[in-house]
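Structure, as structure tokens:
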Amino acid sequence: MSKKPKQIIFPVKVALILIFPSIFLFLFFNLWPIAYSISLAFTNANNINIFNPKAENPLRFIGLENFYKLFHDVGFYYSLYKTLLFVATSVPLKLAVGVMLAFLFTSPLIAGRRIMRGLLLAPWALPVIMSIMVWRGLFDPSSGPIAGLFAALTGRDFSIYRHEWDAYLAYNIVEMWLAYPFIMTVTLGAITGVPREVIEASLIDGAGWWSRFRHIILPQISRPLWFATILTSGASLQAFLVPMLLNDGGPVKIVSTFVGKAFVRVNDMLMLFGYHRAFMDGEYGYAAAFYLIVVLILAVYMYVWFRISGMYKGVGE
Amino acid sequence: MASTFKVVLKIGLTAVALVVTLALLTPVFFVILTSLSPVGIITYSPSMLANLTLENYIEVVKSSEFQTALINSVIVTIMTIFISILIITPAAYAFSRFKFKGRSTALYFYLMFSQIGGGFGIAALVALFVFLAQIEKTTGLPMVGNVYVLPFIYAAGMVPFNVWLLKSFFDTIPKELDEAAFMDGAGWFDLMFKVILPTSKPGIIVLTLFAFMGGWSEFILANTLQVTTLPVQLYKYTTGLSINWNRFAAFAIIFALPVVILYMLSQKYLGEAMRLGVGKR
């Protein structure tokens with residue numbers, strides 16, 4: 001080889017042509033709406049004045065009025081309370097079911113465990129929106145078998161459309177069902193990382209069931225499980241499809257908080273609350289202001305989780 | 001003695017596992033049995049199995065709601081696949097092979113966005129709706145309720161993550177291949193279509209899969225922008241005054257079938273994508 005192979009020099013122009021269509025679409029449909037959303041938050045935009053400049057209440061800049069209104073909105077506080085409660089109950093439930101399944105299905109004593117493990121991933125294979133609607137059928141007060149079962153167990157009617165906590169229970173069950181394959185898979189992956197000899201050695205040493213779990217298995221699975229917890233609690237915090245498709249965040253009831261009393265959809269989780277403000281009330285500016293606050297809440301929540309778990313270092317490296 | 005104990009334990013544990021598995025599969029049994037039961041009936045007991053019928057499937061397929069939704073879904077899905085391949089492949093190739101100003105900034109931004117962008121999704125949805133409605137108002141071009149606009153939005157949403165994914169695929173194709181072809185007198189156009197594209201087939205298959213899954217099952221955007229795709233129509237079934245759960249179930253199964261089949265066929269490719277996606281981080 002006397003001659004060094006010529007370095008290909010593509011004109012930069014070509015690179016830009018290749019990249020342009022994707023950047024254009026991304027900016028147009030993703031980034032621009034985000035920027036536009038921020039600007040809408042400081043206006044009185046609604047479903048009339050945004051289209052008709054001669055509306056009675058024309059589109060204008062209103063400063064922080066939306067935020068002021070938001071912080072005096074009973075529905076907002078109730079939604080925040082319900083959402084945090086949902087995180088507090090659904091996350092432990094998802095984790096418990098996922099981890100228990102993982103431990104059950106590592107036992108070599110179960111015949112056909114590989115097949116069962118594969119079948120248990122069904123929630124992953126089905127489209128999420130279909131699964132949630134099928135659950136709506138299972139919880140249907142008049143014909144749903146699970147609603148019928150709960151009614152028989154409690155001795156009163158079970159209705160996700162009429163009872164606040166019936167709907168809330170249904171959300172937790174559906175959220176658990178959608179998420180257990182993730183927790184189970186993460187845990188299974190981590191358990192297989194525990195060397196067999198270590199477990200056998202501990203058996204010989206006479207380590208009890210609990211101490212074996214605490215000192216050998218837990219350290220091995222804690223890190224991946226922390227990571228899974230952060231992700232899955234983020235999903236609970238942003239619950240949208242589950243409440244929307246099961247009963248649209250209902251039922252409607254009068255509730256009182258420290259800012260007053262009002263009729264609200266009692267299971268409007270945060271993400272759905274804003275959606276209703278925009279598409280039920282037509283208050284686009286108000287919804288945009290609300291989402292700005294929600295994005296801040298999400299950012300703080302994620303930051304705190306990452307700090308607590310020490311994942312921050314790992315990600316930065 | 002010990003072996004008897006082990007056998008008993010084995011039977012016991014297997015029974016527990018079986019019960020747990022069947023209990024967690026309740027929704028699957030429910031939707032299948034309901035779809036096969038006569039209208040107004042949900043099959044629970046073995047004695048009811050004799051009455052199973054395909055009537056719901058036939059009625060659903062014959063209904064105009066289903067046909068309209070199916071046509072919309074097919075248009076949206078095929079267009080999403082084509083647009084995403086058309087815009088993402090060249091961009092990923094450029095990011096993999098070219099050195100230009102702003103390259104790493106753009107890549108880093110895409111990575112960040114694909115990790116945290118999900119949270120903005122619904123927040124930006126309101127603004128996207130208002131924005132499209134305003135375009136419609138000022139230009140007269142139909143935007144809301146337009147089945148041909150939706151695929152562009154889906155493809156745009158796929159850009160950050162999939163540009164990274166496909167760039168990782170291109171990075172694994174040795175540069176020497178490009179250089180050899182270039183020495184033989186191929187231009188960059190030939191290079192792209194005759195050398196790079198054929199070798200990056202697995203990457204493009206994964207991209208197609210993601211585009212299919214997105215276009216076929218996305219619900220919130222389609223519902224908000226009033227395009228009646230299959231999932232939107234399915235939702236309409238469950239929100240009426242009197243709900244026909246049998247028809248709903250048949251509709252749901254027809255809707256889910258392509259997704260389930262693809263899920264099973266694609267495990268190998270998705271595994272590869274995950275490996276590359278994780279390896280790059």
Side-chain angles (χ1 to χ4, degrees), chain A residues 5-6 8 10 12 14-15 18-19 21-22 25-26 28-30 32-34 36-37 40 45 50-51 101 104-105 107 109-113 116 119-120 122 125-127 129-131 133-138 140 143 145 177 238 240-241 245 271 274-275 278-279 284 287-288 291 294-295 298, chain B residues 9-10 13-14 17-18 20-21 24-28 30-31 34 42 44 87-88 90-91 93-94 97-98 100 119-120 122-124 126-128 130-131 133-134 137 152-153 155-157 159-160 163 178-179 182-183 188 217 219 224 231 234-235 238 243 245 248 252 255-256 259-260 263-264:
Chain A
K6 198 167 81 182
I8 338 170
F10 287 124
V12 171
V14 174
L18 293 177
I19 289 168
S22 64
L25 275 192
F26 176 69
F28 193 77
F29 287 120
N30 283 39
W32 171 244
I34 290 173
Y36 186 51
S37 182
L40 275 180
I50 200 92
F51 307 118
L101 284 173
L104 180 63
F105 283 93
S107 165
L109 290 171
I110 294 172
R113 71 195 159 110
M116 286 193 252
L119 286 173
L120 280 175
L126 298 171
I129 73 130
M130 175 216 173
S131 300
M133 286 189 240
V134 170
W135 275 102
R136 184 177 180 148
L138 286 162
D140 187 278
S143 66
W177 192 81
Q238 296 176 58
F240 178 82
L241 282 176
L245 298 178
M271 283 295 173
Y275 190 80
F279 296 111
Y284 302 139
Y291 278 125
V294 168
V295 167
L298 289 178
Chain B
L9 196 64
K10 190 165 180 168
L13 267 179
T14 305
L18 202 61
V20 168
T21 307
L24 283 169
L25 289 178
T26 306
V28 179
F30 172 74
V31 72
T34 307
I42 293 169
Y44 302 105
I87 64 169
I88 290 168
Y93 178 68
R97 292 297 200 267
F98 289 74
F100 52 89
F120 295 116
I122 296 165
V126 176
L128 181 65
V130 173
F131 172 55
Q134 276 186 326
K137 196 78 188 171
F152 286 95
I153 304 174
V159 165
V163 162
D178 295 24
E179 279 158 17
F182 193 75
M183 297 281 282
W188 63 267
S217 27
F219 167 74
T224 309
L234 191 66
Y235 180 57
T238 67
I243 305 162
W245 287 109
F248 161 82
F255 161 66
V259 177
V260 175
Y263 172 84
M264 294 197 275

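For clarity, every value in this text was computed on a predicted model and none was experimentally measured. We name chains A, B, ... by the order of the sequence lines, and we start the count at 1 in each one.
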Taking side chain as everything from C-beta outward and backbone as N, CA, C, O, which of these in [X] sits under 4.5 Å from a heavy atom of chain B? Side chain, backbone, both or neither.
| X | result |
| --- | --- |
| Phe51(A) | both |
| Ser143(A) | both |
| Phe26(A) | both |

> Do you know which of Thr238(B), Val260(B), Leu128(B) has the most heavy-atom pairs with chain A at a distance under 4.5 angstrom?
Replying inline: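 Highest number of heavy-atom pairs under 4.5 Å: Thr238(B).
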>> Out of Ala155(B), Ser217(B), Ala94(B), return the one with the most heavy atom pairs under 4.5 angstrom to chain A.
In response: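 Top count of heavy-atom pairs under 4.5 Å with chain A: Ala94(B).
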> Would you call the rings of Trp32(A) and Tyr36(A) parallel, tilted or perpendicular, where under 30° means parallel and over 60° means perpendicular?
Replying inline: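 Correct class here is parallel.
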> Take atom CZ in Phe152(B); do more than 12 heavy atoms of anything else shown fall under 6.0 Å from it?
Replying inline: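 No, the 6.0 Å shell around CZ holds no more than 12 heavy atoms from other groups.
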> In terms of heavy-atom pairs under 4.5 Å with chain B, which of Leu138(A), Leu104(A), Val294(A), Leu241(A) leads?
Replying inline: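 Winner by heavy-atom pair count: Leu138(A).
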Select one option (side chain, backbone, both, neither) describing which atoms of [X] are under 4.5 Å from chain A's heavy atoms.
| X | value |
| --- | --- |
| Val28(B) | side chain |
| Tyr235(B) | both |
| Leu13(B) | both |
| Val259(B) | both |
| Thr224(B) | both |
| Ile243(B) | side chain |

Between atom [atom1] of [X] and atom [atom2] of [Y], what is the distance when rounded to the nearest 0.5 Å?
| X | Y | atom1 | atom2 | answer |
| --- | --- | --- | --- | --- |
| Trp245(B) | Met133(A) | CH2 | CE | 9.0 Å |
| Lys10(B) | Thr14(B) | NZ | OG1 | 6.5 Å |
| Ile87(B) | Leu25(A) | CD1 | CG | 4.5 Å |

> Quick one: side chain to side chain contact (heavy atoms under 4.5 Å, CB included) partners of Ala288(A), sequence neighbours excluded?
Replying inline: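 If we apply the side chain to side chain contact (heavy atoms under 4.5 Å, CB included) test to Ala288(A), skipping adjacent residues, the hits are Ser37(A), Leu40(A), Ala41(A).
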>> Checking Ser131(A) now: which residues fulfil side chain to side chain contact (heavy atoms under 4.5 Å, CB included) with it, not counting sequence neighbours?
In response: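 For Ser131(A), the residues satisfying side chain to side chain contact (heavy atoms under 4.5 Å, CB included) (neighbours in sequence not counted) are Leu126(A), Trp177(A), Leu178(A).
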>> I want to know whether Phe28(A) and Phe131(B) have ring centres closer than 6.0 Å.
In response: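 Here the rings of Phe131(B) and Phe28(A) have centres that are less than 6.0 Å from each other.
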